[in-house]
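Inspection log for the structure reproduced underneath, given as structure tokens.
Position 1 is the first residue of the sequence, and the numbers go up from there. All values below come from the heavy atoms of this structure, side chains included, with hydrogens, waters and symmetry mates left out. In each ligand, atom 1 is the first atom listed, and ligand 1 is the first ligand listed.
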Amino acid sequence: MPSIAVGLVAGTLAVAILALVSERRARSAAQTAQARFLAMMEATGFGVLVVERSGRIVYGNNAAADILGYPVHSLMKQNVYALLPGGVLDAPSASPLRRSLGYQRPFVGRDHLVDIRGNLVPVAVTTAPVAGTSADEGTALVFRDRSTEVADERQRHDALSMISHELRSPLTSVVGFSNRLERSLQTGRLEVDEAYAEEIILLAQEARRMRDIVNIVLDVANLERQREFVSEPVLLRQIIDEEAGRLSRERAGATFRRNGEDDAVVESDERYVRRIVQNLMENALKYAGTAEPVDVTVETERTGYAVRVRDQGPGIQPADRDRIFERFYRATGGTSGGGGLGLGLFLSRRLSHRLGGTLTVRSEPGDGAEFTLWLPAEAPLEVPPEQGDEEADRLIW
Ligand code: ADP
């Protein structure tokens with residue numbers, strides 16, 4: 001009997017010891033995993049914060065502390081909203097970052113200007129929801145100081161716009177004279193042999209292409225400098241007719257049909273409305289060719305007007321439809337438009353938003369493309385922040 005008791009005691013002891021050992025092992029494995037995780041977080045070089053739903057910071061690494069300008073030990077238990085005081089400058093109450101923190105939505109890399117000890121620092125932020133019980137669910141934020149990259153980009157950009165600016169006046173002469181030569185050929189005032197005539201036409205085309213590139217680079221540069229917009233009555237018909245006239249003179253065989261409202265007037269910035277309409281009409285010729293006329297229709301829509309530019313070309317593949325508005329994006333399939341920078345639609349959509357309007361596209365592959373510029377009849381009192389526009393905060397990317 002005693003031997004059974006001893007056996008029982010020994011058994012219980014052995015089980016307890018095993019449990020203790022495995023608990024120790026589990027604890028030490030958890031500690032190792034945690035140490036590895038923390039080392040990894042430090043090694044990324046990115047600022048990392050984990051915040052609870054209330055905004056309370058439960059984890060922050062050294063890079064996060066550096067970017068935010070606080071000692072790392074004082075980050076914990078602070079509230080992230082208090083740490084980014086008006087710091088997230090763009091529309092603090094409704095900023096996408098704040099919303100993503102509040103609703104635990106993933107939010108991908110936009111630049112925010114964060115006020116760090118009086119300096120506005122561009123910071124790229126990405127967030128991801130952390131699942132858990134309602135008490136500890138929250139958000140992980142990863143962010144990166146981009147001031148050096150932004151300064152480099154600015155420098156490159158400034159150099160490019162300076163060169164473009166210098167090129168503009170000599171190019172105006174080259175385009176003017178080569179256009180004149182081309183027109184003389186077309187009207188028969190100049191008679192040369194066929195090969196020479198082809199060279200003159202090519203010269204005029206290439207000069208215009210160069211002018212278009214220079215103009216677009218300068219316009220994008222202006223966009224980034226946030227040039228002030230003026231507000232004046234703009235007669236849409238006049239812009240369409242003038243641009244159609246110019247393009248038909250420049251491209252042999254190009255024809256436009258204007259339909260719809262004759263007297264539509266919007267209160268807007270003439271220069272920028274013209275730039276958008278011009279881009280759309282040029283693209284229609286560039287991608288659909290001149291075999292069919294391009295239809296430009298003005299219609300009353302909601303509290304403003306829609307200008308629709310419709311061509312009969314190859315259209316745009318569904319996968320490209322949203323992407324063609326991205327900076328430098330050029331669709332390859334089905335387009336035979338020759339060279340380009342992929343900036344025209346990016347610029348046009350940004351400008352349309354600045355004017356309080358929208359720029360959209362409808363297209364079935366093989367059945368042409370229809371771009372619609374919608375503009376409010378009255379200039380908005382305040383230009384709305386470019387919500388829903390994925391590029392909105394990425395001017396400095
Ligand atoms: P770029 O003309 O310099 O490439 P854009 O931003 O104007 O730049 O256009 C982006 C892309 O959209 C073009 O590369 C082309 O693939 C496509 N695209 C634009 N307009 C049309 C159109 N009317 N028909 C078919 N594709 C078009």
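For the pair D269 and R275, the salt-bridge criterion is not met [side-chain N within less than 4.0 Å of a carboxylate O].
At a 4.0 Å heavy-atom cut-off, ligand 1 touches I316 through the side chain alone. Neither the backbone nor the side chain of D320 comes within contact range of ligand 1; no heavy atom lies under 4.0 Å. By the criterion of a heavy-atom distance under 4.0 Å, neither the backbone nor the side chain of F325 is placed next to ligand 1.
Heavy-atom proximity to L343, at under 4.0 Å, picks out these atoms of ligand 1: 6 (O), 8 (O). Short contacts between ligand 1 and A331, defined as distances under 4.0 Å to a heavy atom of the residue, involve ligand atoms 14 (O), 16 (O). Taking every heavy atom of K286 and a limit of under 4.0 angstrom, the matching atoms of ligand 1 come to 1 (P), 2 (O), 3 (O). Heavy-atom contacts of G315 reach the following atoms of ligand 1: 25 (C) (cutoff under 4.0 Å). Those atoms of ligand 1 that come under 4.0 Å of a heavy atom in L345, given as number and element, are 5 (P), 6 (O), 7 (O), 9 (O), 10 (C), 12 (O), 19 (C).
Under the salt bridge (Lys or Arg N to Asp or Glu O under 4.0 Å) criterion, R27 pairs with E23, sequence neighbours left out. Annotation: salt bridge (Lys or Arg N to Asp or Glu O under 4.0 Å) contacts of R246 (sequence neighbours excluded): E243, E250, E282.
Distances from ligand 1 to the non-hydrogen atoms of S363 include no value under 4.0 Å. In this structure, E282 falls outside the shell of residues with a heavy atom less than 4.0 angstrom from ligand 1. Residue contacts with ligand 1: G342 is included, with a non-hydrogen atom under 4.0 Å away.
Comparing E370, E326, R330 by heavy-atom distance to atom 4 (O) of ligand 1, the nearest is R330. Taking only non-hydrogen atoms, the option from N279, I324, I216, D311 nearest to atom 12 (O) of ligand 1 is I324. Taking each of F328, F371, Y329 in turn, the one with a heavy atom nearest to atom 10 (C) of ligand 1 proves to be Y329.
Relative orientation of the F325 and F371 rings is perpendicular, given thresholds of 30° and 60° on the angle between their planes.
Counting non-hydrogen atoms of other residues, nucleotides and ligands closer than 6.0 Å to CE of M210 gives a total of 12 or fewer. Other residues, nucleotides and ligands contribute more than 12 heavy atoms inside 6.0 Å of the CZ atom of R321. Summarising the local packing, CZ of R183 is surrounded by more than 12 heavy atoms from other residues, nucleotides or ligands at distances under 6.0 Å.
Considering backbone and side-chain N/O atoms, G344 comes within less than 3.5 Å of an N/O atom of ligand 1.
Shown here for A319 and R323, the closest heavy-atom pair between the two residues is O-CG, 3.8 Å.
Put simply, the residue from L373, V266, V273 that forms a side chain to side chain contact (heavy atoms under 4.5 Å, CB included) with L355 is V273.
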